[in-house]
Engineer: 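Before I ask anything, here is the structure I am working with.
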Amino acid sequence: MALALGLTVGLTGLTACSTGHAPAGDVQVTNRSVHQADRDTAALPRSRPVGLRIPSAGVDTSSMLDLTLGPGRQLEVPPVDRAGQPGWWSGSVTPGQRGVAVIVAHYDTKNGPALMKNVARIKIGDKIAVPRADGRTATFRVREIQQVAKENFPTRKVYGATGGPQLRLITCGGPIVDGHRADNIILYADLTS
């Protein structure tokens, strides 16, 4: 069920990033990846995420919004007035559980730079830490960085079934086209502890 539902999500990527002008400047990243580790780290039990830390991008927040699917069955994004907070798709597993946990955060909005304003600083091998309500922290290592036009959003790759605990962090990038960022930037990461 999660896979079938996931495949209807994000067919056009995140559409609600920025509006009108380029408050944070256009961002481009180089697509790159490394092979996934042969051995998966043991999964953690279910526990809601309560924050996000990405040292290389200067992200350190102790809050997390719950996101659901909107009327068009697309994944919601954090409201513009909460652009400094990430959101977790509550229809996905919690970070650290077996499967794909999905977190969304703005690069910018009409109000200016947002939580992921330094996404271009993130490199392969960087850590993403997700504090959880149970007091544990799910720590992931970035394995792949992909920037893709929203109309070519890799739905199956992002939301499809996985063998172990993984994280997808999605933000927007590229130029403003028709009032929104034209691309999505996707971080693919594997649980390390």
Side-chain angles (χ1 to χ4, degrees), residues 2-3 5-7 9-11 13-14 17 27-61 64 67 75 77 86-107 115-132 136-150 152-174 181 183-193:
L3 176 60
L5 178 62
L7 293 179
V9 177
L11 292 175
L14 302 178
C17 295
V27 62
Q28 295 288 130
V29 298
T30 302
N31 290 351
R32 53 200 177 271
S33 66
V34 295
H35 291 291
Q36 185 174 354
D38 292 335
R39 188 174 71 80
D40 288 323
T41 301
L44 300 173
R46 184 168 183 81
S47 182
R48 188 185 176 289
V50 296
L52 180 67
R53 293 191 306 265
I54 310 172
S56 61
V59 172
D60 188 356
T61 181
M64 182 72 68
L67 303 176
L75 184 57
V77 298
W88 161 67
W89 177 35
S90 60
S92 69
V93 301
T94 63
Q97 275 189 290
R98 184 180 179 94
V100 175
V102 179
I103 293 178
V104 176
H106 286 288
Y107 167 71
L115 186 68
M116 294 303 296
K117 64 183 179 271
N118 295 320
V119 66
R121 294 182 187 170
I122 299 172
K123 307 293 182 224
I124 297 294
D126 285 353
K127 290 183 181 179
I128 299 174
V130 184
R132 301 162 18 116
R136 297 170 83 171
T137 297
T139 303
F140 298 85
R141 188 169 303 277
V142 176
R143 171 179 34 91
E144 182 174 354
I145 300 168
Q146 180 181 27
Q147 183 165 342
V148 61
K150 289 181 180 179
N152 297 325
F153 189 82
T155 302
R156 285 189 184 276
K157 183 176 178 181
V158 170
Y159 298 103
T162 66
Q166 295 185 15
L167 176 72
R168 306 290 186 259
L169 195 153
I170 307 170
T171 192
C172 290
R181 295 275 171 202
D183 299 340
N184 284 132
I185 296 173
I186 308 158
L187 306 177
Y188 300 82
D190 303 312
L191 186 70
T192 59
S193 62

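Predicted, not measured: the structure shown is a model, and the values here were computed from it.
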Engineer: So, do Thr137 and Arg53 sit near enough that their side-chain heavy atoms are less than 4.5 Å apart?
Structural biologist: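 The answer is yes, as the side chains (C-beta and beyond) meet within the 4.5 Å cut-off.
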Engineer: Would you check if Tyr159 and Leu75 make a side-chain contact, meaning some heavy-atom pair closer than 4.5 Å?
Structural biologist: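 Side chain of Tyr159 against side chain of Leu75, heavy atoms only: contact under 4.5 Å found.
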Engineer: Who passes side chain to side chain donor-acceptor pair (under 3.5 Å) against Arg121, sequence neighbours left out?
Structural biologist: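 None.
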Engineer: Which pairs would a plain distance check flag for residues 123-130, meaning a side-chain donor or acceptor within less than 3.5 Å of a matching protein atom at least two apart in sequence or in another chain?
Structural biologist:
{"from": "Lys123", "atom 1": "NZ", "to": "Ala120", "atom 2": "O", "distance (Å)": "3.3"}
{"from": "Asp126", "atom 1": "OD2", "to": "Ser56", "atom 2": "OG", "distance (Å)": "2.8"}
{"from": "Asp126", "atom 1": "OD2", "to": "Lys123", "atom 2": "N", "distance (Å)": "2.7"}

Engineer: Please tell me if the side chains of Leu115 and Pro86 come closer than 4.5 Å, counting only heavy atoms from C-beta onward.
Structural biologist: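 The answer is yes, as the side chains (C-beta and beyond) meet within the 4.5 Å cut-off.
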Engineer: Could you tell me whether a side-chain N or O of Arg48 sits under 3.5 Å from a main-chain N or O of Met64, the two making a donor and an acceptor?
Structural biologist: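 A pair under 3.5 Å: yes.
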Engineer: I need the Ile170 CD1 to Gln146 CD distance, nearest 0.5 Å.
Structural biologist: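 Reported to 0.5 Å precision, the distance equals 10.5 Å.
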Engineer: By the definition side chain to side chain contact (heavy atoms under 4.5 Å, CB included), identify the one residue from Leu169, Ile54, Val59 that meets it with Ile122.
Structural biologist: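 Answer after filtering Leu169, Ile54, Val59: Ile54.
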Engineer: From Leu191 CG over to Thr139 OG1, what is the distance, rounded to the nearest 0.5 angstrom?
Structural biologist: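 So the gap between those two atoms works out to 7.5 Å.
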Engineer: List for me each residue that meets salt bridge (Lys or Arg N to Asp or Glu O under 4.0 Å) alongside Arg168, sequence neighbours excluded, and say none if there are none.
Structural biologist: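 Checked Arg168 against salt bridge (Lys or Arg N to Asp or Glu O under 4.0 Å); zero matches.
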Engineer: Closest heavy-atom contact between His106 and Thr171?
Structural biologist: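 Answer, listing the atom of His106 first, then Thr171: C-OG1, 3.4 Å.
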Engineer: Kindly list each side-chain donor-acceptor pair under 3.5 angstrom involving residues 90-105, sequence neighbours excluded, with atom names and distances?
Structural biologist:
{"from": "Ser90", "atom 1": "OG", "to": "Leu67", "atom 2": "O", "distance (Å)": "3.0"}
{"from": "Ser92", "atom 1": "OG", "to": "Trp88", "atom 2": "NE1", "distance (Å)": "3.3"}
{"from": "Ser92", "atom 1": "OG", "to": "Trp89", "atom 2": "O", "distance (Å)": "2.7"}
{"from": "Ser92", "atom 1": "OG", "to": "Val102", "atom 2": "N", "distance (Å)": "3.2"}
{"from": "Thr94", "atom 1": "OG1", "to": "Ser47", "atom 2": "N", "distance (Å)": "3.1"}
{"from": "Thr94", "atom 1": "OG1", "to": "Ser47", "atom 2": "O", "distance (Å)": "3.4"}
{"from": "Thr94", "atom 1": "OG1", "to": "Gln97", "atom 2": "OE1", "distance (Å)": "3.0"}
{"from": "Gln97", "atom 1": "OE1", "to": "Arg46", "atom 2": "NH1", "distance (Å)": "3.1"}
{"from": "Gln97", "atom 1": "OE1", "to": "Thr94", "atom 2": "N", "distance (Å)": "2.8"}
{"from": "Arg98", "atom 1": "NH1", "to": "Gly163", "atom 2": "O", "distance (Å)": "2.8"}
{"from": "Arg98", "atom 1": "NH2", "to": "Gly163", "atom 2": "O", "distance (Å)": "2.9"}

Engineer: Quick one: NZ on Lys150 to CG on Asn184, what's the gap to the nearest 0.5 Å?
Structural biologist: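 CG of Asn184 is found 5.5 Å from NZ of Lys150.
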Engineer: Who pairs with Arg132 by side chain to side chain donor-acceptor pair (under 3.5 Å), at least two apart in sequence or on another chain?
Structural biologist: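 Asp134.
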Engineer: Working to the nearest 0.5 angstrom, can you tell me the gap between Ile186 CD1 and Gln147 CD?
Structural biologist: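 It comes to 9.5 Å.
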